[in-house]
Amino acid sequence: MPLRTTASYNALIAGYFRNHLPDAALGLFHRMPSRDLGSYNALIAGLSLRRHTLPDAAAALASIPLPPSVVSFTSLLRGYVRHGLLADAIRLFHQMPERNHVTYTVLLGGFLDAGRVNEARKLFDEMPDKDVVARTAMLSGYCQAGRITEARALFDEMPKRNVVSWTAMISGYAQNGKVILARKLFEVMPDRNEVSWTAMLVGYIQAGHVEDAEDLFNAMPDHPVAACNAMMVGFGQHGMVDAAKAMFERMCARDDGTWSAMIKVYEQNEFLMEALSTFREMLCRGIRPNYTSFISILTVCAALATADYGRELHAAMLRCSFDTDVFAVSALITMYIKCGNLDKAKRVFNMFEPKDVVMWNSMITGYAQHGLGEEALGIFDDLRLARMAPDGITYIGVLTACSYTGKVKEGREIFNSMGMNSSIRLGAAHYSCMVDLLGRAGLVDEALDLINNMPVEPDAIIWGALMGACRMHKNAEIAEVAAKKLLELEPGSAGPYVLLSHIYTSTGRWEDASDMRKFISSRNLNKSPGCSWIEYNKMVHLFTSGDVLSHPEHAIILNMLEELDGLLMESGYSADGSFVLHDVDEEQKAQSLRYHSERQAVAYGLLKVPAGMPIRVMKNLRVCGDCHSAIKLITKITSREIILRDANRFHHFKDGLCSCRDYW
DNA sequence: CACCACCAAC
């Protein structure tokens, strides 16, 4: 048996740590015949990889029987930086007996990751001998902060540049929307590696130039996995799912990023089932999901509202220690919200520190979607107490909450306060929230006034909000104004015609209504198909409007639907026929109200979901008004609780009432 | 120790 050197043991220890086998590494460390400083350094570096073993790394450093070297200290410093413990890193840096250029560069990276660019620059200036690595780190720090002029100045000042510095500068231009400048540098750089090619490729993809990206991809000497992954994402962003899938299938060397890119492509293009099955296939092949694939799959879960699967994912995330990442936890919160589990969402939210603005927004928007105005405003107050700066999306959430709960006074105050806050740019989305708020509250004239005086061009969403308000408050005159504008902006869509005919009907203008109906049926207008689904027994059961027969258990579903009809009739319910018309845009070929997809899903839920458990139904479009009334009554007759998530919001039905208070 | 990919809210 060959004699093993201490150095080879040390290398093996480092390898075990890198491959997520800390126990094997520790075992070997304790078993090895003799240890040198390199062994202790490997141990410290390994224990610094995971956040929860950082204290062990610090203890190991303190207990080395030999005098520690710069490398020993720097390994722990790297651990602190990696896990965002910048205060500890700074403290350690100052305690260190000596520092080399690596030490400086590690801490520099810490400042840059935290966005503390000016402090990074201060440290950089204090650095005795600045090597090309430190310069490049500083340069890319400026680029990430969007300070491209300073980055370029640093680049021009550099005494020596290597391919990494060139690539950093190219990437900086590319990420800051200067793809032409990036290309110019790319053309003149002395030598390129595959990272340079990939950086340029990503520049094109982020600028939305898929064709240029494809040309560059074809010109590349070889195709690194990162470039293929980026290309897939680029295809996905342009709806080219087939191209992305072809790339995925052609690739022989896939990494975890490839899998998460494929899942992301499916998720983004609403191929939700494909996203789920791809994630499952990845697990089957024994590939550890990285946190990005968790994020994508949580987003899929949120869209499908598969609560049980979502809970499983949460458990898996905890096992992988991904619950420390803001992005992943935000996705988790949104998943719980969209699955209707607000308590759990709030608990996850409360536990996570430090929260970023997106996380606050997730929570505020979540409450708004559930029609919980008080709670949304409460979180908004907490946000301000925490001295967190709200952004434009925060206000969309808060205004939506006010709108859904009729808080006109609060909404007006908040809207006006936005104008004072110079860091918030008032966009069309904010105006549409406000138009919606005023319109729902019956202040249709004021809403029209607001539109006429707004500084940005009103879009289809704004006119649509006004139109909806007109229908709610039976204002045919303003509805016609809004419809005309809507038809200019979106000539192919059926929505405005349908709304208009509905308003004519409800205001007694029968002839106009009839003309409108004829017009709608004579033209082939865009109608999106309505569908609803329900998660049962780890499966998603999908129902489409007017088509009961495609479900394998259609016989019992039909029975249930008929039974429900009988019960509804007995309690004096009569179908509101006016919604048949309204539903032309919502339900493709709606033949009968009771075949609406949400009604089928509710029937299936009543059959399958155990008594005492709420029935959770999802719908891709806005809930039909007649179904809304029927479901209210169903909860009273059957003493069941039904939670329906439609395209806009949640409806919690219980004891014959809905949480939206019929205001939606 | 620096350059490329996979990443949350509307």
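Chain identifiers are assigned alphabetically (A, B, ...) following the order of the sequence lines, protein sequences preceding nucleic acid strands; residue numbering begins at 1 within each chain.
For the pair A:L154 CG and B:dA2 C1', the interatomic distance rounds to 12 Å; values are reported in whole Å. One interatomic measurement links the two molecules: CZ of A:F93 to C1' of B:dC1, which rounds to 13 Å at whole-angstrom precision. In this structure, the CE atom of A:M359 is 17 Å from the C1' atom of B:dC10, given to the nearest Å. Between the CG atom of A:L76 and the C1' atom of B:dC1 there is a distance of 15 Å, rounded to whole Å. As a whole-Å value, the separation of A:Q268 CD from B:dC10 C1' is 15 Å.
Side-chain N or O atoms of A:S48 include one that pairs as donor or acceptor with a backbone N or O of A:I44 at under 3.5 Å.
The residue A:R135 sits apart from the nucleic acid: no heavy atom pair falls under 4.0 Å. Using a 4.0 Å heavy-atom distance criterion, A:K355 is classed as making no nucleic acid contact. Using a 4.0 Å heavy-atom distance criterion, A:N100 is classed as making no nucleic acid contact. Residue A:Q369 is in sugar-phosphate contact alone, with no base atom involved, counting any heavy-atom pair closer than 4.0 Å across all strands shown.
For A:R425 and A:Y395, the positive end is not near the middle of the six-membered ring at less than 6.0 Å and at most 45° from its axis.
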Taking N or O atoms only and anything under 3.5 Å, show me the protein contacts with nucleotides 3-5 of chain B, one pair per line.
unit_1 : atom_1 : unit_2 : atom_2 : d
B:dC4  : OP1    : A:S171 : OG     : 3.3

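For the OP1/OP2 pair of B:dA2 and a distance below 4.0 Å, the side-chain nitrogens and oxygens of A:K130 include no atom meeting the criterion.
Counting atom types as modelled, A:T292 pairs no side-chain N or O with a base atom of B:dC7 as donor and acceptor under 3.5 Å. Judged by distance alone with a 3.5 Å cut-off, a donor-acceptor contact links the side chain of A:N162 to the base of B:dA2.
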Q: Any chance you could lay out the salt bridge (charged side-chain N to carboxylate O under 4.0 Å, His left out) test for A:K355 and A:E353, step after step, and finish with the verdict?
A: CA-CA 5 Å; A:K355 305 184 214 312; A:E353 286 297 343; 3.2 Å; yes
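A distance of 5.0 Å separates CG of A:L123 from CZ of A:F93, quoted to the nearest 0.5 Å.
Considering A:M231, A:E214, A:R183 in turn, A:R183 is the only one that fulfils the side-chain contact (heavy atoms from CB on, under 4.5 Å) rule with A:Y204.
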